[in-house]
**Student:** 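If you scroll down you'll find the structure; I have some questions about it.
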Protein chains: 2
Amino acid sequence: MDENSGRSQAAQHILNQAEALFTRYGYDKTTLDDVARAAGISRSTLYQHWKKKEALFGAVLWRALRAFTVQWLAHIDADPQGGTFAGMFRIAFEIILKQPFMLALYKNDMRLLGSYMQFLEGSQIYVQRQLTQQMFLAKLQQAGLVRADLDVEAAAYAFNCLNYGLLKLSDMIPAEVAPAPERILETVMVMVERMVAPPQPGDPAAGQAIIREFAASALERLDALEQMFKATPQPQSQPQS
Amino acid sequence: MDENSGRSQAAQHILNQAEALFTRYGYDKTTLDDVARAAGISRSTLYQHWKKKEALFGAVLWRALRAFTVQWLAHIDADPQGGTFAGMFRIAFEIILKQPFMLALYKNDMRLLGSYMQFLEGSQIYVQRQLTQQMFLAKLQQAGLVRADLDVEAAAYAFNCLNYGLLKLSDMIPAEVAPAPERILETVMVMVERMVAPPQPGDPAAGQAIIREFAASALERLDALEQMFKATPQPQSQPQS
DNA sequence: TTTTGACCAAATAACGTTATTCGGTCACAT
DNA sequence: ATGTGACCGAATAACGTTATTTGGTCAAAA
């Protein structure tokens, strides 16, 4: 169904290399030469796919966000207790842990994004995260899957703090004194569960439905932003001048 | 009772200025000239009190840690619900928020500690924090003030993450989208409370007793470390050579 | 059409040198 | 005793210059 599958396949290969390099060295310290060399192509060829370095990074970022959402959705569909907030929280957390780029995005920020930040400008990544979780919790609450007396805004904020701390502290505390990851995760899950679970449990299926709808809309929003992120080169349009 | 109260008074004044400067500019970027000028004395006079820059910073650090512990203890004694873990957590949090130096220490920024880090060496500040909270939770659990089935090590870790995230995210998320501090604090307190509170509440007085004992031993340990921290100049001892 | 090496201007790293500052000491004044 | 200005060596900042790299373009080769 993809007319130029060869081209897109090549692009994916390049993006893989670029993602690894960006993750390791950050935006500023990763040169297009590095990317081209790692991908086994010439630097000029990169410009056939993305006309600016920003566009390349944007493509990596966009793809990672999309992959995260897709995986999240898949796991939730598969997981029997994916309909609860805590289960969802856990799945998101585990996926991030497995994706180095997303992990770096979450905890390091400034080094990974480097001077790409000014491109994102007012995009305000943490603000976005906060608002998204807020809205999400509110929807679950509306459906009776989250206790009615929960202050969703404050709770979203607290969960974000917890999330951030979990990711960040993991490389500040040596493994010897930190409990095993599974125990931490288990404990955090219990904490989240006790915090949001309503007195009588709601319908998990309803939860999954909300999450599906939510993930779908997230994907739509992402796709709508594709242009902004990737800024593809002139395909064959624009018979200008 | 202090034979040289004038001297110690002067030292406190110097420490005040030094603390403010260290908090604002960090260890490396704060010069002894700045401190001396701010304190209205000559730089040489500083050496009458502390023989190295490290010693000056150590004195500031030590004093801040001590003040924190003392205040903590006082508030807990005064607060009617100071005997619960959540209440204690709240008090510690609020005190830290009010002490810029401690706040900077927690948020950590290598900027504050700068090259003083190598002096602390294996002191491992986060490790210490983790172990302390662990032990503390365990004691409360033993006294029945924390539910018996709580994984204290993992919980201590999670609380540390939460704490860190709360302090750190506060300047990453603009005030417009963040809920009011009181609401956040309230929500976090509920979360902590639900996490650790045993089915039937224990005796608050017992909790306060444990905390008092704990704070007392912390003060003792601190006092024992005073030499290491402050490294006072040669008083009149050492009739050597 | 796709890929590439050569090319350009701007940004950045490297370098050596010069000033300045900084932590720390000491003889001297009070 | 207590405080201070002058002083020292080492570290750091400032500076200008030179090399190198980097993002981006283009005409030519495959």
Side-chain angles (χ1 to χ4, degrees), chain A residues 3-14 17-18 21-22 25-60 111 113-119 230-238 241, chain B residues 2-14 17-18 21-22 25-60 111 114-116 118-119 230-239 241:
Chain A
E3 51 181 318
N4 49 6
S5 79
R7 188 177 173 75
S8 117
Q9 204 172 324
Q12 291 305 315
H13 175 238
I14 297 172
Q17 308 302 319
L21 289 168
F22 281 136
Y25 303 108
Y27 181 79
D28 288 329
K29 292 295 182 189
T30 298
T31 74
L32 292 182
D33 247 329
D34 297 334
V35 175
R37 201 176 318 121
I41 59 170
S42 151
R43 211 175 71 254
S44 312
T45 308
L46 277 180
Y47 286 88
Q48 223 77 18
H49 296 268
W50 305 277
K51 64 182 171 195
K52 292 171 74 62
K53 188 188 185 184
E54 283 167 357
L56 171 63
F57 188 85
V60 170
R111 206 178 67 94
L113 293 178
S115 59
Y116 181 79
M117 272 301 284
Q118 72 177 27
F119 182 76
K230 304 175 92 164
T232 47
Q234 63 294 357
Q236 72 283 349
S237 61
Q238 288 272 12
S241 93
Chain B
D2 207 339
E3 50 180 320
N4 49 7
S5 77
R7 187 176 172 78
S8 118
Q9 204 173 323
Q12 291 303 315
H13 175 238
I14 297 172
Q17 309 301 319
L21 289 168
F22 281 137
Y25 303 107
Y27 182 79
D28 288 331
K29 293 295 183 189
T30 299
T31 73
L32 293 182
D33 247 331
D34 297 335
V35 176
R37 201 178 314 123
I41 58 169
S42 152
R43 211 176 72 255
S44 311
T45 307
L46 277 180
Y47 286 89
Q48 223 80 19
H49 295 269
W50 306 275
K51 64 183 172 193
K52 292 170 73 64
K53 189 187 186 185
E54 282 168 357
L56 171 61
F57 188 84
V60 170
R111 216 188 83 228
S115 59
Y116 182 78
Q118 71 178 27
F119 182 74
K230 303 174 93 165
T232 48
Q234 64 294 356
Q236 71 284 350
S237 60
Q238 289 272 9
S241 88

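Proteins get letters first, then strands, A, B, ... in listed order; numbering begins at 1 in each.
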**Student:** How close do A:His49 and A:Ala11 get, counting heavy atoms only, and between which atoms?
**Tutor:** ND1-CB, 3.9 Å

**Student:** Ignoring the backbone of A:Thr31, work out which of C:dT4, D:dT22, C:dC22 is nearest its side chain.
**Tutor:** D:dT22

**Student:** Name the closest nucleotide to the B:Leu32 side chain, picking from C:dG5, C:dG24, D:dG24.
**Tutor:** C:dG24

**Student:** For the side chain of B:Ser44 and the base of D:dG3, is some donor closer than 3.5 Å to an acceptor across the two?
**Tutor:** no

**Student:** Once you round it to whole Å, what is the distance between P of D:dG3 and NE2 of B:His49?
**Tutor:** 6 Å

**Student:** Report the distance from atom CZ of B:Arg43 to atom C1' of D:dG5, rounded to the nearest whole Å.
**Tutor:** 10 Å

**Student:** OH of A:Tyr47 versus P of D:dG24: gap in Å, rounded?
**Tutor:** 4 Å

**Student:** What is the separation between atom CZ on B:Arg37 and atom P on D:dG3, rounded to the nearest whole Å?
**Tutor:** 20 Å

**Student:** Nearest-Å distance, NZ (A:Lys29) to P (D:dT22)?
**Tutor:** 9 Å

**Student:** Looking only at atom types and distance, does a side-chain atom of A:Lys53 sit under 3.5 Å from a main-chain N or O of A:Thr30, one as donor and one as acceptor?
**Tutor:** yes

**Student:** Which is true for B:Thr30 with a 4.0 Å heavy-atom rule: it touches a base, it touches only sugar-phosphate, or it touches nothing?
**Tutor:** sugar-phosphate

**Student:** Measure from CZ on A:Phe57 to C1' on D:dG24 and round the result to the nearest Å.
**Tutor:** 19 Å

**Student:** Do the side chains of B:Trp50 and B:Ile14 get nearer than 4.5 Å, heavy atoms only?
**Tutor:** yes

**Student:** What integer distance in Å separates A:Asp28:CG from D:dG23:C1'?
**Tutor:** 12 Å

**Student:** Just say parallel, tilted or perpendicular for the rings of B:Tyr27 and B:Tyr116, cut-offs at 30° and 60°.
**Tutor:** tilted

**Student:** Can you check the A:Asp33 CG to C:dA6 P distance for me, whole Å?
**Tutor:** 13 Å

**Student:** Does a nitrogen or oxygen in the side chain of A:Lys53 sit under 4.0 Å from OP1 or OP2 of D:dT22?
**Tutor:** no

